[in-house]
Every structure is written in structure tokens, then in C-alpha cells.
Amino acid sequence: MEIIFMRHGKAEDLAIGVSDEKRKLTAKGRKKAEAAARGLAYGLRENTAVQIWSSPLIRARQTAEILSESLGGIPVRVHPAIATGNLDVLSADWQLVENENEQSVIIVVGHEPYLSMWMERMTGNVLQFKKAGAASLKLSGGEGQLQWYAAPTALACLEPKK
């Protein structure tokens, strides 16, 4: 099974009276997330069972919806453990998916510092996720092996020019 960790796009600055949970993507953040999502979608194998799991925070859900559109409208599952950084709960859920279909791909749209911490815990690789950046790991029996790591500009380059 493959797990792809993707960081949400650039969000609004924290303003007085606006909670962190309600910060939305900026126009620039949306545009960069769209380009990265198109490239990521192009790079995925055809006929792969893909799931998108998102943090409940608005900026992550917006990024996940953009990704969903690039993948033909597959549903987005909101998973609270992504926002709280609870890898144990999250991994227990994706192990159920792995038991059903080892060829599945789960894209987890989340936040720093959790994505970096999870990647280090699972693979030993120390990575810092840029906004709308992503990394893939091959999962086998709870252990992970880094497959690739890409900044959003690199993901955007995967989509062929028309």
C-alpha cells in the first residue's frame, strides 16, 4: 500500500477574531494547490484504488477537495486524527484498508509539523513539507519506505503541457 502525505496549500494569516481552524486557502495557495494536485493526479497509476483523507481544518479540506476534483471527484474522508497528530489512530485505520487491498493509495492531506514527524517516525527520513508539497511512502506491515518527496512546483511539472 502507498501512503501519500500532502500539506495543505497556503492559508490566510491568523487574524484577530478568526480561529486557526477557520483559515481558508489564499488565492495564491489555491492556485498552487491546483497545479500540484493536477501533477499528483497525473503521476498516479491508472486503475489504482485511491482514497483522500483530510484534516477537518478548512484549509486542508479545501486542498483535499481540489485534489478530489483532479482525481475525477472521488470522495474526501475527514479524519480528525490528522489535525490532532494522532498517528496511532490514523495508522490503525489505514491498516484496515491495507488488509482489504494492498494496492490502495491513501492521500493524507494535513499539516506541519505532524507530516514531518510521521514521515520520520515511519521511515527515518527527516523531511520538511512545503505548502502543497507531498511525499510518498510504501507501507508494509506498519513499516514505511520513502518512495519520493516533491515540492509543489515539482508536482506541477508532472502534468504534460497542452
Side-chain angles (χ1 to χ4, degrees), residues 1-14 23-79 82-83 85 87 90-91 94 97-98 101-140 143-162:
M1 187 167 94
E2 181 179 11
I3 303 291
I4 298 173
F5 291 137
M6 182 174 190
R7 186 175 179 191
H8 62 78
K10 180 170 175 48
E12 301 168 323
D13 290 334
L14 193 57
R23 292 176 30 209
K24 297 177 183 176
L25 294 178
T26 63
K28 184 177 179 181
R30 179 174 289 282
K31 186 175 180 180
K32 191 175 269 193
E34 287 169 350
R38 286 192 305 270
L40 181 56
Y42 180 79
L44 287 172
R45 298 178 305 276
E46 289 187 30
N47 302 319
T48 301
V50 177
Q51 295 183 32
I52 302 171
W53 294 6
S54 175
S55 157
L57 279 61
I58 290 175
R59 59 193 179 272
R61 287 195 341 242
Q62 288 176 321
T63 303
E65 290 298 333
I66 289 167
L67 187 55
S68 170
E69 290 171 21
S70 294
L71 290 165
I74 63 175
V76 173
R77 175 184 173 193
V78 174
H79 202 304
I82 298 169
L87 182 59
L90 192 62
S91 63
W94 72 46
V97 173
E98 182 181 24
N101 183 353
E102 291 181 3
Q103 301 306 308
S104 292
V105 175
I106 298 174
I107 304 171
V108 176
V109 182
H111 313 273
E112 280 290 87
Y114 300 130
L115 297 174
S116 294
M117 290 167 37
W118 296 341
M119 186 61 76
E120 183 176 8
R121 179 173 160 188
M122 295 179 72
T123 69
N125 296 90
V126 178
L127 306 174
Q128 185 174 24
F129 286 76
K130 293 184 179 266
K131 292 177 178 90
S136 166
L137 61 100
K138 186 76 172 170
L139 189 65
S140 179
E143 296 290 317
Q145 180 179 5
L146 179 66
Q147 300 296 297
W148 55 262
Y149 169 67
T153 51
L155 289 171
C157 290
L158 293 177
E159 183 185 31
K161 302 299 179 208
K162 295 176 180 152

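When reading the values below, keep in mind they use all heavy atoms of this one structure, side chains included, and skip hydrogens, waters and symmetry mates.
- The shortest non-hydrogen separation linking M6 to A36 is CE-CB, 4.2 Å.
- No side-chain heavy atom of I3 sits less than 4.5 Å from a side-chain heavy atom of I107.
- One finds the OG atom of S70 at 7.5 Å from the CD atom of E34 (value rounded to the nearest 0.5 Å).
- Here the side chains of T123 and Q145 are not in contact, with every heavy-atom distance at 4.5 Å or above.
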Verdict with supporting geometry, L25 and K10, side-chain contact (heavy atoms from CB on, under 4.5 Å)
CA-CA 6 Å; L25 294 178; K10 180 170 175 48; 6.0 Å; no

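- For the pair L137 and M122, the tightest heavy-atom approach, listed with the atom from each and the gap, is CD1-CE, 3.9 Å.
- Residues A83 and L57 approach most closely at CB-CD1, 3.5 Å, considering heavy atoms.
- Contact of the K24 side chain with the R59 side chain is not registered, since no non-hydrogen atoms from C-beta on lie closer than 4.5 Å.
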side-chain contact (heavy atoms from CB on, under 4.5 Å) assessment of L40 paired with I4
CA-CA 10 Å; L40 181 56; I4 298 173; 4.1 Å; yes

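- The structure places CD of E2 at 10.5 Å from OG of S104, a figure rounded to the nearest 0.5 Å.
- R77 has its side chain out of reach of I52: every pair of non-hydrogen atoms, C-beta onward, lies at least 4.5 Å apart.
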Could you walk me through whether R30 and I66 pass the side-chain contact (heavy atoms from CB on, under 4.5 Å) check?
CA-CA 8 Å; R30 179 174 289 282; I66 289 167; 3.5 Å; yes

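- Within the 4.5 Å cutoff, the side chain of I82 has no heavy atoms near those of the V109 side chain.
- The aromatic rings of F5 and W94 are tilted relative to each other, their planes meeting at an angle between 30° and 60°.
- Remark: the Q128 side chain and the S116 side chain contain no N/O donor-acceptor pair separated by less than 3.5 Å.
- Taking 4.5 Å as the limit, every side-chain heavy atom of M119 sits out of range of all side-chain heavy atoms of Y149.
- Residues S136 and L146 share a closest heavy-atom pair of O-CD1, 3.5 Å.
- Interatomic distance, CD1 of I106 versus CG of L139, reported as 8.5 Å (0.5 Å rounding).
- With sequence neighbours left out, W53 forms a ring-ring contact (aromatic ring centres under 6.0 Å, His included) with H79.
- A distance of 4.5 Å separates NZ in K131 from CZ in R7, rounded to the nearest 0.5 Å.
- Between the CZ atom in F129 and the CH2 atom in W118 there is a gap of 10.0 Å [rounded to 0.5 Å].
- Between A151 and K130, the shortest heavy-atom contact is CB-CD, 4.1 Å.
- Side chain of T26 to backbone of A11: no donor-acceptor contact under 3.5 angstrom is found.
- Taken from CG in L71 to CD in Q51, the straight-line distance is 12.0 Å, to the nearest 0.5 Å.
- A pairwise comparison of heavy atoms in P152 and A132 identifies CB-O, 3.6 Å as the closest pair.
- Residue pairs satisfying the salt bridge (Lys or Arg N to Asp or Glu O under 4.0 Å) criterion with at least one member in residues 103-116, sequence neighbours excluded, are absent.
- D13 has its side chain out of reach of R23: every pair of non-hydrogen atoms, C-beta onward, lies at least 4.5 Å apart.
- For the pair I58/Q62, a side-chain contact is recorded, criterion being any heavy-atom separation below 4.5 Å from C-beta on.
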Using side-chain contact (heavy atoms from CB on, under 4.5 Å), reason through V76 and R61 one step at a time and then give a plain yes or no.
CA-CA 8 Å; V76 173; R61 287 195 341 242; 5.9 Å; no

